[in-house]
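To keep things clear, I will list the structure first and then write my remarks on it.
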Amino acid sequence: MIALYPELFPNEIVDGYAMKDIRPSKKQGVPIRRIEINNVAYTIRPSFIMPYMTGMTDKIEKALFLRKFDVPFWGLVYVFGKYSMYWYRIEQSLGRNSLVGTTVRNPEDIPRNLGADEKHTWIIGNKVFVATVVGNQCILGVSIAADAGDSELQKAYGVFKNEAQCIKPSYTPDTVNIDGWKATRNAWSSLFASIVIICCFLHVFIKIRDRAKKKFHDIFTTVSSKLWDCYHADSKSKFSQRTRRLHEWCKKNKVPDVILNPIAKRRNHITDYCIAYDHPDAYRTSNMLDRLMQRMDRHLFSTQYFHGSMEAAELSIRGWALIQHFAPSNPRTILKHQNFQSPAERLNKFRYHQNWLHNLMISASLGGYKMTPPNPL
């Protein structure tokens, strides 16, 4: 087992281990073994039991699967029994695990091209921002910032950096696609000195669409066609040329300012968009990020946002993200992706167990951090 799945065990286990003791669980009546490695005690917890002995995995997995679709906790109580806080705490407990370490099996598979943005939400009426990092169809970082300033966003995005470098100390992403917010740019540049910032092309189109589609429908149709023609240019020189020609065309035809201004801004920052051609695997638009954040938006709306402390809110959204990673997808999606059931399986091309919650529990060995426990006994 250790040779087959070394990522599930402490690195020091290659030096050997000793049996420490067996303790029966008062909650479940299951004997739990502990081993000792370099004078540090580790609990060997089977995947068929949830953390803190809160219940049997097979009895809980269907209820947590429904949380993927934001079924409220009182609905789980109606179908599966227990009480609302029981299900709430189980979901929260998942959030204590590292998103990167739990989701990514092989450190070499941590995505090197990312997308990042902040989701506006509320905690008891106070506006906060959920700093979100995505890659390979998975949410790899999610942390709550009190505001959208440089220091708060650097701290929030720093959670992703710490988790990624915990399992691969040399990790540095190649690119990150952002919407252009200055504080976001500053945060990523501070965290990773060599990272390449790529401005999202889609946001230019969205800004024009939201302001011009209804009021200036005919001209909007023409401009949007020309705009996407720029996007599909196959080289830097063609992209730059088409961008300049579009700007000249807009000025010549005196298009409304709500259309001209975003085009002019893109013309003035053309190098920020051209740089994507140097990184063919990078995300030029935020499509993948938007798809995942739309799910987050529906989740937050269904819960009417957060109602407790900042810490509780962060655990909750992190637990939700892990459920999204490991819960099975639509059967048609599974067939499309060689029978890999979930985004985590598709990223790793691997599963430990056929049951998705067992798979999550095993993947979360050592909390996903691959470190000694914070309070070894």
Side-chain angles (χ1 to χ4, degrees), residues 67-74 84-85 88-89 91-96 99 114-135 138-163 176-191 197 199-200 202-211 258 261-262 265 285-324:
R67 284 298 293 163
K68 176 178 179 178
F69 307 99
D70 304 318
V71 174
F73 294 115
W74 68 262
S84 294
M85 287 302 293
Y88 168 77
R89 288 167 182 156
E91 182 177 273
Q92 266 205 334
S93 70
L94 299 178
R96 296 187 178 95
L99 288 184
L114 307 170
D117 201 359
E118 300 82 44
K119 172 68 186 138
H120 300 209
T121 187
W122 294 264
I123 298 180
I124 320 179
N126 299 313
K127 192 170 187 177
V128 294
F129 300 84
V130 183
T132 308
V133 184
V134 304
C138 290
I139 298 175
L140 299 173
V142 60
S143 186
I144 297 178
D147 59 60
D150 289 12
S151 60
E152 278 293 316
L153 289 186
Q154 184 174 339
K155 178 182 175 183
Y157 285 121
V159 174
F160 163 76
K161 176 184 177 180
N162 293 337
E163 292 185 0
V176 62
N177 179 286
I178 63 172
D179 62 2
W181 182 249
K182 186 176 180 181
T184 307
R185 177 188 291 271
N186 292 341
W188 281 96
S189 297
S190 299
L191 291 170
I197 307 292
C199 289
C200 176
L202 181 63
H203 277 73
V204 180
F205 171 77
I206 291 173
K207 184 177 289 187
I208 296 172
R209 181 198 64 189
D210 291 348
R211 291 162 176 78
V258 292
N261 290 343
K265 185 176 181 181
T285 70
S286 60
N287 285 21
M288 179 188 63
L289 174 68
D290 293 341
R291 283 195 298 271
L292 295 172
M293 291 189 75
Q294 283 172 5
R295 298 179 193 173
M296 183 188 295
D297 186 55
R298 291 195 295 267
H299 169 72
L300 293 172
F301 179 78
S302 71
T303 61
Q304 287 300 284
Y305 313 105
F306 298 115
H307 307 279
S309 65
M310 185 87 78
E311 294 77 13
E314 184 150 328
L315 287 175
S316 178
I317 198 67
R318 287 170 62 88
W320 169 85
L322 282 177
I323 291 174
Q324 296 296 317

Reported CD1-to-SG distance for the pair Ile178 and Cys199, which is rounded to 0.5 angstrom
6.0 Å
In this structure, CH2 of Trp320 is separated from CD1 of Ile139 (nearest 0.5 Å) by 4.0 Å
Roughly how far, to the nearest 0.5 Å, is the CZ atom of Phe160 from the CG atom of Asn162?
10.5 Å
Looking at every heavy atom in both Arg318 and Gly95, which two are closest together, and how far apart are they?
NE-O, 2.9 Å
Pairwise distance CG(Leu99) to CD(Glu163) - rounded to 0.5 angstrom
5.5 Å
Do the side chain of Lys119 and the main chain of Met296 share a donor and acceptor less than 3.5 angstrom apart?
no
May I ask you to decide if Asn186's main-chain N or O and Ser189's side chain share a donor-acceptor pair within less than 3.5 Å?
no
Flag, side chain of Gln92 to backbone of Ala312, donor-acceptor distance under 3.5 Å
yes
Is there side-chain contact between Val134 and Leu114, with at least one heavy-atom pair below 4.5 Å?
no
Does the side chain of Trp188 come within less than 4.5 Å of Val133's, by heavy atoms?
yes
Kindly give the heavy-atom pair with the smallest separation between Trp181 and Ala148, and that separation in Å.
NE1-O, 3.1 Å
Side chain proximity check, Val128 to Thr121, heavy atoms < 4.5 angstrom:
yes
Thr132 side chain to Val130 main-chain N or O, any donor-acceptor pair under 3.5 Å?
yes
Might you point out which heavy atoms bring Val142 and Ala321 nearest each other, and give the distance in Å?
CG1-CB, 4.4 Å
Heavy-atom closest pair (Gly158 atom, Leu191 atom, distance to 0.1 Å) is N-CD1, 3.7 Å
Does the side chain of Phe73 come within less than 4.5 Å of Glu91's, by heavy atoms?
yes
For the student: nearest non-hydrogen atoms of Val159 and Ser143, plus distance:
CG2-OG, 3.6 Å
Sub-4.5 Å side-chain heavy-atom contact between Lys265 and Lys207
yes
Taking CZ in Phe301 as the centre, count heavy atoms belonging to other residues, nucleotides or ligands within less than 6.0 Å. Is the count above 12?
no
Taking all atoms of both residues into account, what is the closest heavy-atom pair of Asn177 and Thr285, and its distance?
ND2-N, 3.6 Å
Does any part of the side chain of Phe306, heavy atoms only, come nearer than 4.5 Å to the side chain of Ile317, both counted from C-beta?
yes
Please answer whether the main-chain N or O of Ile144 pairs with a side-chain N or O of Glu314 as donor and acceptor at a distance below 3.5 Å.
yes
Side chains of Arg67 and Leu94 in contact at under 4.5 Å (non-hydrogen atoms):
no
Neighbour count above 12 (heavy atom, 6.0 Å) for Lys155 NZ:
no
I'd like to check Asp117 versus Thr184 (side-chain heavy atoms, cut-off strictly below 4.5 Å). Are they in contact?
no
Within this structure, what is the NE2-CZ distance for the pair His203 and Arg209, rounded to the nearest 0.5 Å?
10.5 Å
Do any N or O atoms from the side chain of Thr303 and from the backbone of His299 form a donor-acceptor pair under 3.5 angstrom?
yes
With rounding to the nearest 0.5 Å, note down the distance linking CD1 in Ile206 to SG in Cys200.
6.5 Å
